[in-house]
Protein chains: 2
Amino acid sequence: MKKQGEDILKNSALSVTASRKRILDIFLAADNALAHQDIETKCADQYDRVTIYRTLQTFLEKGIIHNIPSTDNMVRYALCNEACITTGHHHDNHVHFRCDACGKTVCLDDVNIPAVNLPRGYTMKEINMVVNGICKSCK
Amino acid sequence: MKKQGEDILKNSALSVTASRKRILDIFLAADNALAHQDIETKCADQYDRVTIYRTLQTFLEKGIIHNIPSTDNMVRYALCNEACITTGHHHDNHVHFRCDACGKTVCLDDVNIPAVNLPRGYTMKEINMVVNGICKSCK
DNA sequence: ATTAAGAATGCAACTTTGTTGCAAAAGTAT
DNA sequence: ATACTTTTGCAACAAAGTTGCATTCTTAAT
C-alpha cells in the first residue's frame, strides 16, 4: 500500500514531510542496508545533504531504523521490524551479513544472535554481530 | 622490554622506522582499542597525519593490528595477539566490548564468539561481535 | 478554511576526515 | 660507504559531517 511510510511516521509522532516520506520509501524499496551515501545518491537532487543527515538521525532516535557497524567507516542503516517501530524499543538481536562479492549488507532476520557469557563485572546492554562472506545470490 | 615494538616490525618484514615504533608503543601502552584520532592526538606533533593513516593501513595488512567495527564512524584498532602476528593470519574470534560510560573499547580475549548457523547458501569468512554496556571498571 | 505556533528544511560557511602524487629523507642490504 | 628501496612529509584535494539562521512547511486549534 502507498501509505505505509506515512503510517510509520505517524506512529512515531513525527510530522509527515516530503523528504521523510521519500527516504522511508527508499528504505522500504531496498533489499539491503543503506549508507548515508546511498541515500544521497538517490535523492540529493531533491533534498539537501543536511536534511538527509538529520532525517537519518531522527529515524534512529525514533527506532524506525537501526544502524549496522562496519569497519569501513560506512555505517549502514536498515528498517527496523514491526516490533521495534511500534514499541519504540530496539529488539535487534538478529545477525547482519555483509557480502564480499556484491557488497550488500542485509539483515538475517531469522538468525538470532547467540548468547555470550561476559566476564564478571560486565553488563550487556546491546549486542551486534556482523558476518562477512558470500551471500546466497553471489554463490 | 624495550625492543618489543621493533621485534614485531621485524617479524612482519617491515622496515623499522621511528613513526612505526612510536605508534606500536602507543598500542602496547594502551589498555583499549584506539581510533585513528586517538593516535593522532598522541603524536600529530611528531608525525604527519598521512603517515599515521598509512602506518595503520600497513599494520592492518600485516596482521599486527585488527580493526573493530563501530556505529559511530570511528573504526578502532587493537593489537592482535601473538598468534596473529606470528602466523600473519587473523584468528580474531574474540568478542569486543564497548563501555557506554568510559567509552573505551576492549578486546575480551577470553570470550570466544559463539557459532552461528547461517541460512542455506551463505558462506562465512569472517565474524565480528561487539557488545555495548558497562565495563567492570565503571560498574 | 484560516491562522498562529512549532517543527523541518535549505543554505552557507565551516571543521574534520581521508586520499593522492611527488620530492626529500631514512632504512636496508651489499 | 654506497646504491637501491621504502617511508615520510608536504601540498593540494575530495569527501564527510556539523552548526546557525532565515525561510518554508506541518499541525492543531479556532
Side-chain angles (χ1 to χ4, degrees), chain A residues 3 5-27 33-65 67-77 103 105, chain B residues 2-3 5-27 33-62 64-65 67-77 103 105:
Chain A
K3 294 195 63 185
E6 210 167 313
D7 289 342
I8 293 173
L9 291 172
K10 282 178 180 163
N11 284 340
S12 301
L14 290 175
S15 41
V16 178
T17 68
S19 57
R20 284 174 180 170
K21 276 192 289 185
R22 175 87 180 90
I23 293 176
L24 265 182
D25 281 346
I26 293 174
F27 276 112
L34 302 171
H36 169 92
Q37 203 187 30
D38 298 323
I39 296 173
E40 202 175 309
T41 308
K42 288 182 202 289
C43 65
D45 47 329
Q46 318 175 56
Y47 304 108
D48 196 78
R49 224 158 49 86
V50 178
T51 300
I52 300 174
Y53 278 110
R54 292 196 267 224
T55 301
L56 289 174
Q57 190 54 42
T58 305
F59 285 1
L60 258 188
E61 284 162 6
K62 292 291 183 176
I64 296 173
I65 56 177
N67 52 14
I68 303 165
S70 80
T71 50
D72 65 353
N73 281 320
M74 291 264 286
V75 177
R76 291 175 182 79
Y77 305 88
T105 300
Chain B
K2 194 67 190 69
K3 294 195 64 186
E6 210 167 313
D7 290 341
I8 292 174
L9 291 172
K10 283 178 182 162
N11 284 340
S12 301
L14 289 174
S15 41
V16 178
T17 69
S19 57
R20 284 175 179 167
K21 276 192 289 185
R22 176 87 181 90
I23 293 176
L24 265 183
D25 281 346
I26 293 175
F27 275 113
L34 303 170
H36 169 93
Q37 202 188 30
D38 298 322
I39 296 171
E40 202 175 311
T41 309
K42 288 181 201 291
C43 64
D45 47 329
Q46 318 175 57
Y47 304 109
D48 195 78
R49 223 157 49 85
V50 179
T51 300
I52 300 173
Y53 279 110
R54 292 197 268 224
T55 302
L56 290 174
Q57 190 54 41
T58 306
F59 285 0
L60 257 189
E61 284 161 7
K62 292 291 182 175
I64 296 173
I65 56 177
N67 52 14
I68 303 165
S70 79
T71 51
D72 64 353
N73 280 320
M74 291 264 286
V75 178
R76 290 176 183 79
Y77 306 87
T105 300

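Order of the sequence lines fixes the chain letters, A, B, ..., with proteins taken first and strands second; residue numbering starts at 1 for each chain.
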Report, one line per pair, each donor and acceptor closer than 3.5 Å where one atom sits in a side chain of residues 40-50 of chain A; sequence neighbours left out.
from, atom 1, to, atom 2, distance (Å)
A:Glu40, OE1, A:His36, NE2, 2.6
A:Thr41, OG1, A:Gln37, O, 2.8
A:Asp48, OD2, A:Val50, N, 2.9

List the atom pairs, with distances to 0.1 Å, where a side-chain N or O of residues 51-58 of chain A and a protein N or O form a donor-acceptor pair under 3.5 Å, not counting sequence neighbours.
from, atom 1, to, atom 2, distance (Å)
A:Thr55, OG1, A:Thr51, O, 2.7
A:Gln57, NE2, A:Glu61, OE2, 3.2
A:Thr58, OG1, A:Arg54, O, 2.8

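You'll find the side chain of A:Ile26 reaches within 4.5 Å of the side chain of A:Arg22, heavy atoms only. Put simply, the side chain of B:Phe59 reaches to within 4.5 Å of the side chain of B:Leu9, judged on heavy atoms.
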N/O to N/O distances under 3.5 Å, protein versus nucleotides 15-22 of chain C:
from, atom 1, to, atom 2, distance (Å)
C:dT17, OP1, B:Gln37, NE2, 2.8
C:dG18, OP1, A:Asn73, ND2, 2.9
C:dG18, OP2, B:Tyr53, OH, 2.8
C:dG18, O5', B:Tyr53, OH, 3.4
C:dG18, N7, B:Arg49, NH1, 3.0
C:dG18, N7, B:Arg49, NH2, 3.2
C:dG18, O6, B:Arg49, NH2, 3.0

Would you list the protein and nucleotides 28-30 of chain D atom pairs, both N or O, that sit under 3.5 Å from each other?
none

Output a table of nitrogen or oxygen pairs between the protein and nucleotides 24-26 of chain C separated by less than 3.5 Å.
none

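Atom NZ of residue A:Lys62 and atom CG of residue A:Leu14 lie 5.0 Å apart, to the nearest 0.5 angstrom. Note that the CG atom of B:Asn73 and the CG atom of A:Asn73 stand 5.5 Å from one another [nearest 0.5 Å]. B:Asn11 contributes atom CG, which lies 9.0 Å from atom CD1 of B:Ile64 (distance to the nearest 0.5 angstrom). Here A:Asn67 contributes atom CG and B:Ser70 contributes atom OG; the two are 9.0 Å apart, rounded to the nearest 0.5 Å.
Taking atom CD1 on A:Ile52 and atom P on D:dT18, their separation rounds to 14 Å, with Å as the unit. A straight line from CG of A:Asp45 to C1' of C:dG10 spans 14 Å, rounded to a whole angstrom. To the nearest angstrom, P of D:dC25 lies 15 Å from CZ of A:Arg20. Spacing between atom CD of B:Glu61 and atom P of D:dT7 amounts to 11 Å, rounded to whole angstrom units. With rounding to whole Å, A:Leu9 atom CG is found 12 Å from C:dA8 atom C1'. Taking atom CG of residue A:Asp38 and atom C1' of nucleotide D:dA15, one finds them 15 Å apart after rounding to whole Å. D:dT24 atom C1' lies 17 Å from atom CD of A:Gln46, rounded to whole Å. Nucleotide D:dT8 holds its C1' atom 8 Å from the CG atom of B:Asp48, rounded to whole Å.
Here the closest heavy-atom approach between residue A:Ile23 and residue A:Ile39 is recorded as CG1-CG2, 4.2 Å. Taking all atoms of both residues into account, the shortest heavy-atom contact from B:Gly5 to B:Leu24 is O-CD1, 3.3 Å. For A:Phe27 against A:Tyr77, the heavy-atom pair with the smallest separation is CE2-O, 3.3 Å.
Applying the salt bridge (Lys or Arg N to Asp or Glu O under 4.0 Å) criterion to A:Arg76, with sequence neighbours excluded, gives A:Asp72.
No engagement by A:Thr58 is indicated, since no non-hydrogen atom pair under 4.0 Å with the nucleic acid exists. Within the nucleic acid shown, B:Gln57 has no heavy atom closer than 4.0 Å to any nucleic acid atom.
B:Ser15 has no side-chain polar atom (N or O) that falls below the 4.0 Å cut-off from OP1 or OP2 of D:dT6.
Each end of the helix from C:dA1-D:dT30 to C:dT30-D:dA1 gets its own rotation axis from five pairs of C1' atoms, and the angle between them is 40° to the nearest 10 degrees.
Checking side-chain atoms of B:Asp38 against main-chain N and O of B:Ala35 turns up a donor-acceptor pair under 3.5 Å.
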